Amino acid sequence: MTYLRRAVKYFLQITLLFVAIIGVLMLSGMVSKDVSVAFRNGWTSIAYIFGLFAVMSAAYPFFGYGKRNIRAGGDPAEIWPAIDAAMEARGYVKEGEGRYHLASAINRAARLWEDTITITPVLGGFQAEGLVRDLSRVVMSIDHKINNYGN
């Protein structure tokens with residue numbers, strides 16, 4: 001269900017962005033207001049564009065969300081304060097046990113409120129799950145906070 005919800009959100013976001021850009025171009029006179037002139041095949045082209053948006057939106061949750069491992073030794077209970085500090089430094093606030101979301105409302109809205117990162121203890125450390133583009137920075141920040149690399 002989460003996958004479908006994310007796909008629908010991205011379809012709506014891409015569609016609204018497309019409509020806004022074409023609307024501005026049409027209102028400014030840069031593009032004809034007649035759809036059959038503005039697009040080679042008229043409304044058929046728009047149907048193809050929306051179909052492409054649907055395919056892209058259906059694929060994005062598969063590639064856009066993932067899991068990353070964080071190597072850590074020791075008792076997880078002792079490491080959680082360092083993880084909380086690292087997440088706070090990256091602009092996240094604690095939502096629940098092991099769940100964080102962005103503090104900035106603007107950043108949350110830009111990610112369609114799909115900005116939650118979940119961190120769970122696993123054998124050998126922790127596993128972070130969330131938006132892939134945010135995970136690399138977060139995992140690196142946590143890794144440097146909890147592991148001593150001779151610093």
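Excluded from the calculations below are hydrogen atoms, water molecules and symmetry mates; all remaining heavy atoms, backbone and side chain alike, are included. Keep in mind that this is a model prediction, so the values were computed, not measured.
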Item to check | Derivation of the side chain to side chain contact (heavy atoms under 4.5 Å, CB included) call for Y3 and F62 | outcome: CA-CA 8 Å; Y3 190 92; F62 181 74; 3.4 Å; yes

Checklist entry - Please walk me through it: do I83 and K145 pass side chain to side chain contact (heavy atoms under 4.5 Å, CB included)? => result CA-CA 7 Å; I83 291 174; K145 193 77 166 175; over 6 Å; no

Next on the checklist: Checking Y100 against D115 for the side chain to side chain contact (heavy atoms under 4.5 Å, CB included) test, could you report, in this order, the C-alpha distance in whole Å, the side-chain angles of both residues, the deciding distance, and whether it holds?
Outcome noted: CA-CA 8 Å; Y100 304 86; D115 60 327; over 6 Å; no

Next on the checklist: Applying side chain to side chain contact (heavy atoms under 4.5 Å, CB included) to W113 and R108, what does each step give before you reach the verdict?
Outcome noted: CA-CA 5 Å; W113 292 272; R108 291 196 79 198; 3.9 Å; yes

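When each of T15, I22, L16 is paired with F18, the side-chain contact (heavy atoms from CB on, under 4.5 Å) condition holds for I22 and for no other.
In this structure, OG1 in T118 is found 4.5 Å from CZ in R99, a value given to the nearest 0.5 Å. In this structure, CD1 in I49 is found 12.5 Å from CD1 in I14, a value given to the nearest 0.5 Å. The CZ atom of R90 sits 5.5 Å away from the OG atom of S141 when rounded to the nearest 0.5 Å. The CD1 atom of I70 sits 9.0 Å away from atom CD of Q127, with the distance rounded to the nearest 0.5 Å. Of the inter-residue distances, the one linking M87 atom CE with I142 atom CD1 reads 5.5 Å to the nearest 0.5 angstrom. Atom CD of E129 is separated from atom OH of Y65 by 11.0 Å, given to the nearest 0.5 angstrom.
When hydrophobic clusters are built by joining Ile, Leu, Val, Met, Phe, Trp and Tyr residues whose side-chain heavy atoms come closer than 4.5 Å, directly or via intermediates, F39 is grouped together with L17. Under a hydrophobic clustering in which Ile, Leu, Val, Met, Phe, Trp and Tyr are joined whenever their side-chain heavy atoms come within less than 4.5 Å, directly or via other members, L131 and L135 fall into different clusters. Linking Ile, Leu, Val, Met, Phe, Trp and Tyr whenever their side-chain heavy atoms come within less than 4.5 Å puts I21 and V35 in one cluster. Cluster membership check: I117 does not share its hydrophobic cluster with V132, using side-chain heavy-atom separations under 4.5 Å among Ile, Leu, Val, Met, Phe, Trp and Tyr. In terms of hydrophobic clustering, with Ile, Leu, Val, Met, Phe, Trp and Tyr side chains grouped at heavy-atom distances under 4.5 Å, V122 and I119 are assigned to different clusters.
The environment of E88 atom CD is sparse: at most 12 non-hydrogen atoms of other residues, nucleotides or ligands sit within 6.0 angstrom. Counting non-hydrogen atoms of neighbouring residues, nucleotides and ligands closer than 6.0 angstrom, the NZ atom of K9 exceeds 12 such neighbours. In this structure, K67 places its NZ atom where only 12 or fewer heavy-atom neighbours from other residues, nucleotides or ligands lie under 6.0 Å away.
The two residues W80 and E97 come nearest to each other via the heavy atoms CE2-OE2, 4.1 Å. In terms of heavy-atom proximity, S32 sits nearest to A38 at O-CB, 3.6 Å. The shortest heavy-atom contact between P61 and A7 is CG-N, 3.7 Å. L27 and K33 make their closest contact through CA-CE, 4.4 Å (heavy atoms, listed as atom of the first residue, atom of the second, distance).
Classification of the F11-F50 ring pair by plane angle, with boundaries at 30° and 60°, yields perpendicular.
Cation-pi check for R6 over Y60 is not met; the charged atom does not lie both under 6.0 angstrom from the ring centroid and within 45 degrees of its normal.
For the residue pair Y48 / N41, no side-chain donor-acceptor distance below 3.5 Å is found, with atom types taken as modelled. There is a side-chain donor-acceptor pair under 3.5 Å between D34 and S36.
Between R5 and E114 there is a salt bridge, with a side-chain nitrogen of the basic residue lying less than 4.0 Å from a carboxylate oxygen of the acidic one. Between D134 and R111 a salt bridge is recorded (basic side-chain N to carboxylate O distance below 4.0 Å).
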